[in-house]
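The chains referred to below are lettered A, B, ... by the order of the sequence lines, with proteins before strands, and numbering in each begins at 1. Small disclaimer: the values here were computed from a predicted structure and weren't measured. All heavy atoms count here, side chains included; hydrogens, waters and symmetry mates do not.
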Number of protein chains: 2
Amino acid sequence: MLMSVDTDLLRVLADPLRLRIVALLARETLCTTHLVAETGARQTNLSNHLKVLRDAGVVDTEPCGRFTYYRLKPDVIAALAGQFAELAETARATAAADRKRACS
Amino acid sequence: MLMSVDTDLLRVLADPLRLRIVALLARETLCTTHLVAETGARQTNLSNHLKVLRDAGVVDTEPCGRFTYYRLKPDVIAALAGQFAELAETARATAAADRKRACS
DNA sequence: TGACAGTATCAGTACATGCTGATGTCAGTC
DNA sequence: GACTGACATCAGCATGTACTGATACTGTCA
């Protein structure tokens, strides 16, 4: 039982625009131009966020001529889902057993 | 298919200390004193973070004399796990089908 | 080769937020 | 009722970071 969620990964995903990007990339592999069109954000801003996602290993890039495709890495998200599921499971067991530390 | 992760909840959880608190509360219902002892953080700081968790609906409080027990709400975490699992599933399908939007 | 489009990088700014000390409040105990 | 311990609230400070305009790099096409 690992029982610890990756804080750094969470911080990366805990931004509205980045989460939006991740949701879009989950459905379709896109390049920056598409993301600019979809989100309405400036290119510079998006490029910064994409760099954060790249550095965190959340997305892969695939150059295609002068375009750059961004692809979401499913395993990273799946691992996170698993960590939260495990945490929830532990919490449920704690609630069911009414496990509670006594106050001194 | 909801397909959207709750950004506000993520922001709440994307803090190292708060995530630590959540992990501790998953195993055991505790009061502030215990959390101070476990984390080594100042009482004021912890109280602030606990307020954030309370406001976000991540934890429930149960007053017990002059103590206050904090209990993690498993359903909130489970819902988050479900959202990420769904996202991962979508991403896997996208990768398997190599779904990719053409560059104009 | 020059022009342009897609993308990345850089420096600066503004805002959010995590931490702190001081203080207030409430419950239990002498 | 005075005191102590558990907890919350407040104001101030400091740091991180999201956003921006300017600019550089790279590949494509005329």
Side-chain angles (χ1 to χ4, degrees), chain A residues 6-25 28-72 100-104, chain B residues 6-25 28-72 100-104:
Chain A
D6 186 343
T7 311
D8 293 330
L9 178 55
L10 264 194
R11 290 190 75 83
V12 167
L13 295 180
D15 177 87
L17 186 48
R18 279 199 293 267
L19 199 56
R20 182 100 191 284
I21 293 171
V22 166
L24 286 168
L25 291 182
E28 220 177 350
T29 295
L30 300 169
C31 47
T32 312
T33 311
H34 297 137
L35 289 169
V36 169
E38 291 283 345
T39 63
R42 307 292 175 95
Q43 181 268 324
T44 300
N45 192 14
L46 262 173
S47 193
N48 283 334
H49 284 298
L50 287 170
K51 177 175 172 51
V52 173
L53 290 171
R54 235 183 305 137
D55 291 349
V58 177
V59 300
D60 267 339
T61 61
E62 179 195 340
C64 172
R66 53 185 164 170
F67 299 93
T68 306
Y69 274 107
Y70 280 87
R71 180 193 321 279
L72 183 60
K100 178 189 300 192
R101 191 183 302 186
C103 294
S104 52
Chain B
D6 187 344
T7 311
D8 293 330
L9 178 56
L10 263 194
R11 290 191 75 83
V12 166
L13 295 179
D15 177 87
L17 185 48
R18 279 199 292 268
L19 200 55
R20 182 101 190 282
I21 294 171
V22 166
L24 286 167
L25 292 181
E28 218 177 351
T29 294
L30 300 168
C31 47
T32 312
T33 311
H34 297 137
L35 289 169
V36 169
E38 290 283 347
T39 63
R42 307 292 174 96
Q43 180 267 324
T44 300
N45 192 13
L46 262 173
S47 194
N48 284 334
H49 283 299
L50 287 169
K51 177 177 172 51
V52 173
L53 290 172
R54 235 183 305 135
D55 291 348
V58 178
V59 299
D60 267 339
T61 61
E62 179 194 342
C64 172
R66 52 183 168 170
F67 299 92
T68 305
Y69 274 107
Y70 281 87
R71 180 194 320 280
L72 183 61
K100 178 188 302 193
R101 190 182 304 184
C103 293
S104 52

Taking the side chain of B:T44 as its heavy atoms from C-beta onward, which of C:dT20, D:dA6, D:dC19 lies nearest to it? C:dT20
Base of C:dA8, side chain of A:Q43 - is there a donor-acceptor contact under 3.5 Å? yes
Can you confirm whether B:P63 sits close enough to B:Y69 that some side-chain heavy atom of one is under 4.5 Å from a side-chain heavy atom of the other? no
Counting only side-chain N and O atoms of B:R11, is one of them less than 4.0 Å from OP1 or OP2 of C:dT17? yes
Verdict with supporting geometry, A:E62 and A:Y70, side chain to side chain contact (heavy atoms under 4.5 Å, CB included): CA-CA 6 Å; A:E62 179 195 340; A:Y70 280 87; over 6 Å; no
Rounded to whole Å, how long is the line connecting atom CD of B:E62 with atom P of D:dA6? 18 Å
Would you tell me if any nitrogen or oxygen in the side chain of A:N45 comes within less than 4.0 Å of OP1 or OP2 on D:dA18? no
Looking at D:dG21, D:dA18, C:dA22, which one has an atom nearest to any side-chain atom of A:R42? D:dG21
Applying a 4.0 Å non-hydrogen cut-off, can you work out what A:T32 is touching in the nucleic acid: base, sugar-phosphate, or nothing? sugar-phosphate
Less than 4.0 angstrom between a side-chain N/O of B:T33 and OP1 or OP2 of D:dG5, yes or no? no
Among D:dC7, C:dC19, C:dT9, the one nearest any side-chain atom of B:N48 is C:dC19
Taking only the side-chain heavy atoms of A:H49 (C-beta and beyond), determine which of C:dC19, D:dA18, D:dA6 contains the nearest atom. D:dA18
Per B:R66 side chain, nearest of listed nucleotides C:dC10, C:dG28, D:dT17: C:dG28
Interatomic distance where CZ belongs to B:F67 and P belongs to D:dG5 [whole Å]: 11 Å
Short N-O contact, A:K100 and B:E28, less than 4.0 angstrom: no
For A:D15 and D:dG16, what is the distance between atoms CG and P respectively, to the nearest whole Å? 17 Å
Contact class for B:Y69 vs. all strands (heavy atom < 4.0 Å): base, sugar-phosphate, or nothing? nothing
Kindly state each residue pair satisfying side chain to side chain donor-acceptor pair (under 3.5 Å) with at least one member in residues 7-22 of chain B, sequence neighbours excluded. B:R18-B:H49
If I take atom NZ in residue A:K51 and atom P in nucleotide D:dT17, what distance separates them, rounded to the nearest angstrom? 14 Å
In whole angstrom, what separates A:H34's NE2 from C:dA5's P? 16 Å
From CG of B:L17 over to P of C:dT17, roughly how many Å is that when rounded to an integer? 16 Å
Taking atom C1' of D:dG16 as reference, at what distance in whole Å does atom CG of A:D8 sit? 14 Å
Can you tell which of D:dA18, C:dT7, D:dT9 lies closest to the side chain of A:C31? C:dT7
Rounded to the Å, how far apart are B:Y70 OH and D:dA6 P? 14 Å
For B:R101, is there an ion pair with A:E38 - N to carboxylate O distance below 4.0 angstrom? yes
